[in-house]
Participant: 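Mind having a look at this structure? Questions to follow.
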Amino acid sequence: MTAVVIVGGGAMGAALAWTLVSDPGFDGAVTVLERDPTYATASTTLSAAGIRTQFSAPENIRLSRYGWRFLERAGDLLGVDVGLRERGYLTLASDPATLRANHAVQIAEGASVALLTPEALAARFPWLSVEGVALGALGLKEEGWFDAATLLQGWRASAIRRGARFETAEATGFHRDGDRVVAVETTDGRVFPCAVAANCAGPWAGRVAAWAGVTLPVRPGKRTVFHFLCREAAEAAAESPLVVDVSGVWMRPEGAGFIAGVSPAPEADPEAADFDPEWALFEERIWPALATRAPCFEAVRVVRAWAGWYEMNDWDANALLGPAPGAPNLLHAAGFSGHGVQQAAGAARVLADRIVHGRSLTISAEALSADRFAKGRRVRERAVI
Ligand SMILES: Cc1cc2nc3c(=O)[nH]c(=O)nc-3n(C[C@H](O)[C@H](O)[C@H](O)COP(=O)(O)OP(=O)(O)OC[C@H]3O[C@@H](n4cnc5c(N)ncnc54)[C@H](O)[C@@H]3O)c2cc1C
C-alpha cells in the first residue's frame, strides 16, 4: 500500500489528495499536513481566482482547460457551487505581434479566443478607451472567475469523505534513506512514514524542498488586490470581462464593485516578508491606468485591500511538477507564479497519474517537469499577469 504524505493542504494539496483517493487505481493512503486549517495566509484563499486560456505556453493552456472542465463539474464531483462565471479575459496590447503569436498557440490548443481591432473593441465595449491599444484578445469560452475558497473546501471535505486524512500539523523536516524521503516530521513530534511525499506548500515550497537538499527556485512575492466601488460604472460592472490593460493593470467586476491589481517588474519584486497591503500602489499605478482606460473610473472609492503571496518561480514563472534531481520520491506541485488555483485540478491529475501509473496519462505537460531548472530548460510564458 502506497502511503502518500502531502505537505500543504491549500488548493494544490487538497486537489492532489482528492484526485488520489478518487482514482480507482490508487490503493494507498493519503495524509495531508496543513498547519493552518483557516487558510488565513494561503495563496488559494487570497487569490483573485481567475481562469483563462490566454497563455503562450501550450502546457499552461492544457492545464487551465482541464481546470475549467473540472470547475464545470464541481457540483457533481465535490458537491459545492464554485460560482463559476464565464465572462472572459480581455487582453489589451500595444504590441500586436505578441498577441497574435499567443493567439495562434491558443487556437492550436482548442481555445476559443477572438482578436479584436481597436474599432471592434470600441463597438463592443463603449466604456473603454482604445487609446494606445493596437489589438485586443477576448476569451469567448472557458475563461472567467470562480470562488477559490469554496473550491478548496469542496476538495478538502470530499477527500476526507473518500478516506484522506487531513492533520493540523506543521511539517518541519524529512527523514531520509539515501536520496529517498521515508517520513515527514512535524513540530508536535509526530512522524508520518511515506513511500511518496508531495510538496504542495505554495509560497513556502522552496523551504520544504530544501529539507531534501533540493534548491527549488520558488519564493514568495507579495501581490495586493484592491476592492473598489464606482457609481458611474454600473453598466461596465454588469458586462465586463477581466481586463488586462497595456500597463499590466488588471481589473474585473466583484460583487457590486471591482477588484484590481498589478504585478511589479521582476527586478522590483523582493521576497515577501509580510501580508500588509501596499496601499500606495492604487494611487500611483492602478487608478491612473484604470481612469485612462475607462473614464468612468475617474471617481472610485476603495473599500478594502488585501495582500497575498504569489509562489514565484524565479527560473521561468511556471509550474514545477514532479521530482527534482536529488529526491526522486518527493513530488513538487509548486512555482505557479500567480496562475495556480486554476491549474490545481490539472496539476493534481498530472501528479496522481505519476503516482498511480508511473507517468502522465491525461494531460501532456512534460515540459513543466520540476527537473528542468537543473537541466537548463525554460518554459517561456509571455502572458504572466
Ligand atoms: C493576490 C493573488 C492573486 C492570485 N490570482 C490568481 C488567479 O487569478 N488565478 C490563479 O489561477 N491563481 C491566482 N493566484 C495564485 C494562486 O492563488 C496559487 O497559485 C495557488 O493558490 C497555489 O495553491 P497552493 O495550494 O500551492 O498554495 P497555498 O494556497 O498557499 O497553500 C499552501 C499551504 O501549505 C501550508 N504549508 C506551508 N508550509 C507548511 C508546512 N511546513 N507544514 C504544513 N503546512 C504548510 C500553508 O499553510 C498553506 O495552507 C493568485 C495568488 C495571489 C496571492
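Bear in mind that the values here come from a model prediction, so they are computed numbers and not experimental data. When reading the values below, keep in mind they use all heavy atoms of this one structure, side chains included, and skip hydrogens, waters and symmetry mates.
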Participant: Could you walk me through whether Y89 and R252 satisfy the side-chain contact (heavy atoms from CB on, under 4.5 Å) test, starting with their C-alpha distance in whole Å, then the side-chain angles of each, then the deciding distance to 0.1 Å, before giving a yes or no?
Facilitator: CA-CA 9 Å; Y89 272 51; R252 71 157 168 87; over 6 Å; no

Participant: Should R372 and D316 count as an ion pair when the cut-off is N to O under 4.0 Å?
Facilitator: yes

Participant: Say whether H175 and E185, considering side chains only, have a donor N or O and an acceptor N or O under 3.5 Å apart.
Facilitator: yes

Participant: So, Q54 and E143: side-chain donor and acceptor under 3.5 Å apart, yes or no?
Facilitator: yes

Participant: Taking the six-membered ring for Trp, are F228 and F258 parallel (under 30°), tilted (30 to 60°) or perpendicular (over 60°)?
Facilitator: parallel

Participant: Answer yes or no: is there an ion pair linking R190 with E167, defined by an N-O contact shorter than 4.0 Å?
Facilitator: yes

Participant: Measure from the ring center of W309 to the ring center of F275 and say whether it is less than 6.0 Å.
Facilitator: yes

Participant: Ignoring hydrogens and geometry beyond distance, is a side-chain donor-acceptor pair present between R162 and S22 at under 3.5 Å?
Facilitator: yes

Participant: Would you tell me whether E366 and S364 have side-chain atoms, one donor and one acceptor, within less than 3.5 Å of each other?
Facilitator: yes

Participant: Could you name each residue pair satisfying salt bridge (Lys or Arg N to Asp or Glu O under 4.0 Å) that touches residues 325-340, not counting sequence neighbours?
Facilitator: none

Participant: Going by atom types alone, do R156 and Y39 pair a side-chain donor with an acceptor below 3.5 Å?
Facilitator: yes

Participant: Does the cation-pi check pass for R377 over W315, that is, NZ or CZ under 6.0 Å from the six-membered ring centre and within 45° of its axis?
Facilitator: no

Participant: Does any N or O in the side chain of R223 come within less than 3.5 Å of the main-chain N or O of P264, such that one atom is a donor and the other an acceptor?
Facilitator: no

Participant: Got a second to check how far N199's CG is from L331's CG, nearest 0.5 Å?
Facilitator: 9.5 Å

Participant: Is D269 salt-bridged to R219, going by a charged N under 4.0 Å from an acidic O?
Facilitator: yes

Participant: Output the distance between atom CD (Q106) and atom OG1 (T53), rounded to the nearest 0.5 Å.
Facilitator: 5.5 Å

Participant: Does either side chain, that of E170 or that of T186, offer a donor lying less than 3.5 Å from an acceptor on the other one?
Facilitator: no

Participant: Salt bridge or not for K141 and E86, using N-O below 4.0 Å?
Facilitator: no

Participant: Does the side chain to side chain donor-acceptor pair (under 3.5 Å) test come out yes or no for E278 and T224, once each step is laid out?
Facilitator: CA-CA 6 Å; E278 288 186 47; T224 303; 4.8 Å; no

Participant: Using side-chain contact (heavy atoms from CB on, under 4.5 Å), reason through H332 and L321 one step at a time and then give a plain yes or no.
Facilitator: CA-CA 5 Å; H332 308 278; L321 298 178; over 6 Å; no

Participant: Taking atom types as modelled, is there a side-chain donor on N60 or N318 under 3.5 Å from an acceptor on the other?
Facilitator: yes

Participant: Shortest non-hydrogen contact from V218 to A205?
Facilitator: CG1-CB, 4.4 Å

Participant: Got a second to check how far I259's CD1 is from M251's CE, nearest 0.5 Å?
Facilitator: 10.5 Å

Participant: If you round to the nearest 0.5 Å, how far is CD1 of I385 from OG of S263?
Facilitator: 8.5 Å

Participant: How many angstroms lie between atom OG1 of T44 and atom CG of L152, to the nearest 0.5 angstrom?
Facilitator: 5.5 Å

Participant: Working to the nearest 0.5 angstrom, can you tell me the gap between S369 OG and K375 NZ?
Facilitator: 7.0 Å

Participant: Can you list, pair by pair, the side-chain donor-acceptor contacts under 3.5 Å of residues 346-358, counting residues two or more places apart and other chains?
Facilitator:
residue	atom	partner	partner atom	Å
R349	NE	D353	OD1	3.1
R349	NH2	D23	OD2	2.8
R349	NH2	D353	OD1	2.8
D353	OD2	L361	N	2.9
D353	OD2	T362	N	2.9
D353	OD2	T362	OG1	2.6

Participant: With ILVMFWY side chains joined below 4.5 Å, transitively, what does L84's cluster contain besides itself?
Facilitator: W18, I51, W68, F70, L71, L77, L78, V80, V82, F146, L151, W155, V341

Participant: Please step through side-chain contact (heavy atoms from CB on, under 4.5 Å) for the pair W287 and F226, ending with a clear verdict.
Facilitator: CA-CA 10 Å; W287 177 70; F226 296 88; over 6 Å; no

Participant: Indicate the ring-plane relationship of F297 and W127, choosing parallel, tilted or perpendicular according to the 30° and 60° boundaries.
Facilitator: perpendicular

Participant: Looking at A212 and V181, what are the two nearest heavy atoms and their distance?
Facilitator: CB-CG2, 4.4 Å

